[in-house]
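Some notes on the structure that comes next.
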Amino acid sequence: MKKYLLAAAVVVAACTTAAAPAVAAPDRAVATATATAHASVPAAAAGVTAKAPSPVQVVASGERVDAGRGWTVWLTEEGKYWSGPDGYENFRSVVDGNVDLSRPGVSHQSEGDAAGVFHSGLYYGTKKVGKVVLTGTDGTKTPATLLELPGRPGWGVWFAHTGPENDGGASVALYDRNGRLLAELPGWNV
């Protein structure tokens with residue numbers, strides 16, 4: 001019995017020692033790294049593969065989402081709503097016939113000032129959205145947050161914040177989960 005306890009202590013010490021040099025941080029970080037390493041060994045040994053998290057946050061119809069910097073976004077079956085720091089509400093419909101849900105596309109609305117710009121829009125025509133990325137006129141890429149109603153309706157909302165735009169608008173690109181470009185909307189001063 002003693003030799004089994006001794007062997008277990010050696011294994012734990014080896015794992016702790018192996019994790020410690022890789023982390024130049026407080027003991028708590030070392031303990032976290034060690035615990036993570038131990039937790040992943042049984043899953044890997046059993047052949048269990050972790051499913052990648054969805055890039056989309058599923059929200060209830062009418063659920064208000066804090067989009068940061070005083071902005072709020074919410075979805076209903078009719079479309080996208082948003083309000084800014086001034087409290088004024090806006091709407092973009094997905095049922096008025098102006099959005100073709102049968103093929104991938106993306107829309108873009110933006111509002112801002114010298115402090116920065118709030119960008120938002122619809123993405124549609126795909127049930128396997130991977131990401132929406134804004135590219136500023138200076139080449140800066142900003143990933144957007146994605147929201148969708150339950151049941152994968154084939155459309156959703158994206159939003160992001162950027163610095164102020166000086167000479168035109170950011171372009172917007174929609175990608176699937178494999179990184180393939182599905183749709184692109186150029187900036188308005190390209």
Side-chain angles (χ1 to χ4, degrees), residues 51-190:
K51 185 177 177 182
S54 172
V56 179
Q57 178 184 344
V58 176
V59 296
S61 181
E63 177 182 345
R64 296 194 178 230
V65 176
D66 180 356
R69 302 181 193 173
W71 294 91
T72 303
V73 177
W74 64 101
L75 294 69
T76 70
E77 290 75 15
E78 289 78 36
K80 169 193 132 191
Y81 297 80
W82 73 103
S83 66
D86 61 2
Y88 184 76
E89 293 184 3
N90 293 289
F91 173 70
R92 176 66 171 103
S93 178
V94 294
V95 296
D96 65 1
N98 288 322
V99 176
D100 181 0
L101 299 177
S102 69
R103 59 183 208 172
V106 64
S107 72
H108 183 196
Q109 295 83 43
S110 62
E111 299 174 52
D113 55 27
V117 180
F118 176 71
H119 302 266
S120 65
L122 299 172
Y123 63 85
Y124 48 89
T126 181
K127 293 186 179 195
K128 298 196 183 236
V129 63
K131 63 184 174 180
V132 171
V133 177
L134 279 81
T135 303
T137 55
D138 64 355
T140 302
K141 295 192 180 299
T142 305
T145 299
L146 306 177
L147 305 175
E148 204 169 275
L149 293 172
R152 294 189 178 199
W155 69 274
V157 170
W158 64 268
F159 65 86
H161 293 273
T162 65
E165 291 285 334
N166 296 325
D167 60 352
S171 64
V172 183
L174 170 67
Y175 297 89
D176 69 11
R177 291 187 187 162
N178 294 320
R180 184 174 60 103
L181 179 65
L182 297 176
E184 190 169 25
L185 184 62
W188 57 83
N189 191 16
V190 180

TODO: Indicate the ring-plane relationship of His161 and Phe118, choosing parallel, tilted or perpendicular according to the 30° and 60° boundaries.
DONE: tilted
Task: Spacing of Ser110 atom OG and Phe159 atom CZ [to the nearest 0.5 Å] - done: 15.5 Å
Task: Where Asp100 and Tyr124 come nearest, the two heavy atoms and their spacing - done: O-CD1, 3.4 Å
Open item on the list: If I take atom NZ from residue Lys127 and atom CD from residue Glu148, how far apart are they, to the nearest 0.5 angstrom?
Closed with: 9.0 Å
Task: Name of the residue among Val73, Leu147, Leu134 meeting side-chain contact (heavy atoms from CB on, under 4.5 Å) with Trp158 - done: Leu134
- [ ] Heavy atoms only: give me the nearest Gly121-Gln109 pair and the separation to one decimal.
- [x] CA-OE1, 3.5 Å
- [ ] Could you verify whether a donor N or O on one side chain and an acceptor N or O on the other, from Glu77 and Ser61, lie under 3.5 Å apart?
- [x] yes
Task: Pair Arg152-Val56, side chain to side chain contact (heavy atoms under 4.5 Å, CB included): steps then yes or no - done: CA-CA 10 Å; Arg152 294 189 178 199; Val56 179; over 6 Å; no
Open item on the list: Looking at Arg69 and Glu111, is there a salt bridge between them, counting it only when a charged N and a carboxylate O are closer than 4.0 Å?
Closed with: no
Task: Closest non-hydrogen atom pair, Arg92 against Trp82 - done: N-CZ3, 3.8 Å
Open item on the list: Quick check for you: to the nearest 0.5 Å, what is the distance between Leu182 atom CG and Tyr175 atom OH?
Closed with: 9.5 Å
Open item on the list: Donor-acceptor check, side chain of Ser107 to backbone of Leu122, threshold 3.5 angstrom: yes or no?
Closed with: yes
- [ ] Identify the two heavy atoms, one from Val59 and one from Leu75, that lie closest to each other, and give their separation to 0.1 Å.
- [x] CG2-CD1, 4.1 Å
Open item on the list: In the structure I gave you, are the side-chain heavy atoms of Ser83 and Trp71 within less than 4.5 Å of one another anywhere?
Closed with: no
- [ ] For Thr140 and Thr162, run side chain to side chain contact (heavy atoms under 4.5 Å, CB included): C-alpha distance rounded to whole Å, both residues' side-chain angles, the deciding distance at 0.1 Å, then the answer.
- [x] CA-CA 9 Å; Thr140 302; Thr162 65; over 6 Å; no
Open item on the list: Which heavy atom of Glu63 sits nearest to which heavy atom of Trp74, and what is that distance?
Closed with: O-CB, 3.2 Å
Open item on the list: What's the separation between atom NZ in Lys131 and atom OH in Tyr123, rounded to the nearest 0.5 Å?
Closed with: 15.0 Å
TODO: Could you tell me the separation between the CH2 atom of Trp155 and the OG1 atom of Thr126, rounded to the nearest 0.5 Å?
DONE: 14.5 Å
Open item on the list: With rounding to the nearest 0.5 angstrom, report the OG to NE2 distance, Ser120 to His108.
Closed with: 7.5 Å
Task: Heavy-atom closest contact (Ala160 atom, Ala144 atom, distance) - done: CB-CA, 4.0 Å
Task: Residue pair Asn98 / Asp96, side-chain donor-acceptor N/O under 3.5 Å - done: yes
